[in-house]
S.K.: 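Dumping the structure here so I can ask a few things about it.
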Amino acid sequence: QVQLVESGGGSVQSGESLRLSCAASGYTYSNYRMGWFRQAPGKEREGVAGIRSAGSAIYADSVKGRFTISRDNAKNTLYLQMNNLKPEDTAMYFCAANFENWRPILWLLRGESYNFWGQGTQVTVSS
């Protein structure tokens, strides 16, 4: 049974940093592509960053240069380092997983690419 558990969210001031973690269990983590998504109240879910099983990554334009996705296959954990946070980054953040299928990397930012989702962790950025 695949389980994804996010942590690391919180309330910060604009310009500060947070690191989100997603602990995975129930599958061979290293064979899976992973992604971070977010959803703010009244808005659609947005793909933030994705990382292939082999490690190549892609970012939404809105976070490029500020966020870094990484994975530690030995610890079965996905990370999202978020620097220079802005109020518009306020949202519930979710991690997602699915078996790697080597589709074009843009698919890593699409929710339909993932079968497994965590419960989310809230990030609130005040100005």
Side-chain angles (χ1 to χ4, degrees):
Q1 180 180 353
V2 175
Q3 283 194 320
L4 302 171
V5 180
E6 302 94 337
S7 62
S11 297
V12 296
Q13 299 285 324
S14 183
E16 293 185 341
S17 299
L18 281 174
R19 188 175 82 156
L20 305 183
S21 299
C22 172
S25 62
Y27 64 99
T28 305
Y29 176 77
S30 60
N31 292 341
Y32 276 59
R33 63 186 184 277
M34 304 290 297
W36 285 102
F37 290 77
R38 66 187 181 188
Q39 189 165 21
K43 293 189 177 182
E44 292 187 356
R45 184 180 59 196
E46 174 189 18
V48 174
I51 187 166
R52 288 200 193 279
S53 57
S56 53
I58 187 171
Y59 299 90
D61 288 343
S62 58
V63 306
K64 204 171 293 183
R66 300 187 297 122
F67 290 12
T68 303
I69 189 172
S70 61
R71 61 191 300 159
D72 185 333
N73 289 344
K75 295 182 178 180
N76 287 2
T77 302
L78 178 73
Y79 301 101
L80 185 68
Q81 178 66 43
M82 305 186 296
N83 297 330
N84 190 21
L85 282 161
K86 303 176 180 181
E88 52 264 43
D89 295 318
T90 295
M92 185 71 78
Y93 283 71
F94 302 88
C95 69
N98 204 3
F99 192 77
E100 182 64 76
N101 63 7
W102 303 111
R103 277 180 163 176
I105 198 168
L106 281 175
W107 278 84
L108 294 178
L109 295 180
R110 298 179 65 164
E112 57 263 44
S113 293
Y114 299 92
N115 287 345
F116 306 107
W117 294 82
Q119 293 299 307
T121 185
Q122 177 68 37
V123 172
T124 303
V125 185
S126 55
S127 57

S.K.: Can you measure from CH2 (Trp107) to CG (Asn98) and round to the nearest 0.5 angstrom?
M.R.: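 Spacing of CH2 (Trp107) from CG (Asn98) equals 11.5 Å.
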S.K.: Is the side chain of Tyr114 donor-acceptor paired with the backbone N or O of Leu108 at a distance under 3.5 Å, no angle test?
M.R.: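 Checking the backbone N and O of Leu108 against the side chain of Tyr114, a donor-acceptor pair under 3.5 Å is found.
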S.K.: For Tyr32 and Phe99, run ring pair (Phe, Tyr, Trp, His ring centres under 6.0 Å): C-alpha distance rounded to whole Å, both residues' side-chain angles, the deciding distance at 0.1 Å, then the answer.
M.R.: CA-CA 4 Å; Tyr32 276 59; Phe99 192 77; 5.6 Å; yes
S.K.: Taking all non-hydrogen atoms of both residues, which atom of Ser56 and which atom of Ile105 are closest, and how far apart?
M.R.: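 The answer is OG-CD1, 4.0 Å.
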S.K.: Report yes if the side chains of Met92 and Val123 come closer than 4.5 Å at any heavy-atom pair, otherwise no.
M.R.: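 Heavy-atom side-chain distance check fails, nothing below 4.5 Å.
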S.K.: Could you pull out all residues at least two apart from Arg110 that satisfy salt bridge (charged side-chain N to carboxylate O under 4.0 Å, His left out)?
M.R.: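 Here the qualifying residues are Glu112.
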S.K.: If we ignore hydrogens and angles and just use 3.5 Å, is the side chain of Arg33 paired with the main-chain N or O of Ala97 as donor and acceptor?
M.R.: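 Not confirmed, Arg33 side chain does not pair with Ala97 backbone.
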S.K.: Find out if a path of hydrophobic residues (ILVMFWY) with successive side-chain heavy-atom gaps under 4.5 Å connects Phe37 to Tyr79.
M.R.: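 In one cluster: no.
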S.K.: Hydrogens and angles aside, do Thr90 and Gln122 bring a side-chain donor and acceptor to less than 3.5 Å of each other?
M.R.: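 Checked: Thr90/Gln122 side chains show no N/O donor-acceptor pair below 3.5 Å.
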S.K.: Using modelled atom types and a 3.5 Å cut-off, is there a donor and acceptor pairing between side-chain atoms of Asp72 and backbone atoms of Thr77?
M.R.: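 Not confirmed, Asp72 side chain does not pair with Thr77 backbone.
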S.K.: Working to the nearest 0.5 Å, report the span between CZ of Phe94 and CD of Glu6.
M.R.: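 If I round to the nearest 0.5 Å, the distance is 7.0 Å.
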S.K.: Are Trp102 and Arg52 side-chain neighbours, meaning at least one heavy-atom pair lies under 4.5 Å?
M.R.: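 Of all side-chain heavy-atom pairs linking Arg52 with Trp102, at least one is under 4.5 Å.
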S.K.: For the residue pair Trp36 and Phe67, is the inter-centroid distance of their aromatic rings smaller than 6.0 Å?
M.R.: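 Ring centres of Phe67 and Trp36 not closer than 6.0 Å.
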S.K.: Compare all side-chain heavy atoms of Met82 with those of Val125 and state whether any distance is below 4.5 angstrom.
M.R.: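 No. Closest side-chain heavy atoms not under 4.5 Å.
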S.K.: Closest heavy-atom contact between Gly111 and Arg45?
M.R.: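 Looking at all heavy atoms of both residues, the closest pair is CA-NH2, 3.5 Å.
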S.K.: Are Val12 and Leu20 in one and the same hydrophobic cluster, where Ile, Leu, Val, Met, Phe, Trp and Tyr link if side-chain heavy atoms are under 4.5 Å apart?
M.R.: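 In one cluster: yes.
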S.K.: Is the side chain of Glu100 donor-acceptor paired with the backbone N or O of Asn31 at a distance under 3.5 Å, no angle test?
M.R.: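 Here the side-chain-to-backbone pair does not exist.
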S.K.: Working to the nearest 0.5 Å, report the span between SG of Cys95 and CG of Leu80.
M.R.: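 Going from the SG atom of Cys95 to the CG atom of Leu80 covers 10.5 Å.
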S.K.: Got a sec, which pairs hit side chain to side chain donor-acceptor pair (under 3.5 Å) with one end in residues 14-29, sequence neighbours left out?
M.R.: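 Counting only pairs at least two positions apart or across chains, the side chain to side chain donor-acceptor pair (under 3.5 Å) contacts touching residues 14-29 are Ser17-Asn83.
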S.K.: Given 3.5 Å as the limit, does a donor-acceptor pair link the side chain of Arg66 with the main chain of Gln81, or not?
M.R.: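 Answer holds: no.
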S.K.: Linking I/L/V/M/F/W/Y whenever any side-chain heavy atoms sit under 4.5 Å apart, do Ile58 and Leu78 land together?
M.R.: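 Unlinked, Ile58 and Leu78 end up in two clusters.
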S.K.: Going hydrophobic residue to hydrophobic residue with side-chain gaps under 4.5 angstrom, can you get from Ile51 over to Val63?
M.R.: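 The answer is yes; both residues are in one hydrophobic cluster.
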S.K.: Honestly curious: do Met34 and Phe116 fall in one hydrophobic cluster under the side-chain, below-4.5 Å linking rule?
M.R.: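 Yes; Phe116 is reachable from Met34 via cluster members.
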S.K.: Using every non-hydrogen atom in the two residues, find where Tyr59 and Lys64 come nearest and quote the distance to one decimal.
M.R.: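 Reported closest heavy-atom pair: O-CE, 3.7 Å.
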S.K.: Can you tell me if Thr121 uses its side chain to pair, donor with acceptor, with the backbone of Gly9 under 3.5 Å?
M.R.: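 Yes, the answer is positive, given that a donor and an acceptor are paired below the 3.5 Å cut-off.
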S.K.: Taking all non-hydrogen atoms of both residues, which atom of Pro87 and which atom of Ser127 are closest, and how far apart?
M.R.: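 It is CG-CB, 3.9 Å.
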S.K.: Contact between Leu4 and Cys22 at the side-chain level, heavy atoms closer than 4.5 Å - yes or no?
M.R.: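 Side chain of Leu4 against side chain of Cys22, heavy atoms only: contact under 4.5 Å found.
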S.K.: Within the side chain of Ser62, is there an N or O that forms a donor-acceptor pair under 3.5 Å with the backbone of Ala60?
M.R.: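 Side chain of Ser62 to backbone of Ala60, a donor-acceptor pair under 3.5 Å: no, none is there.
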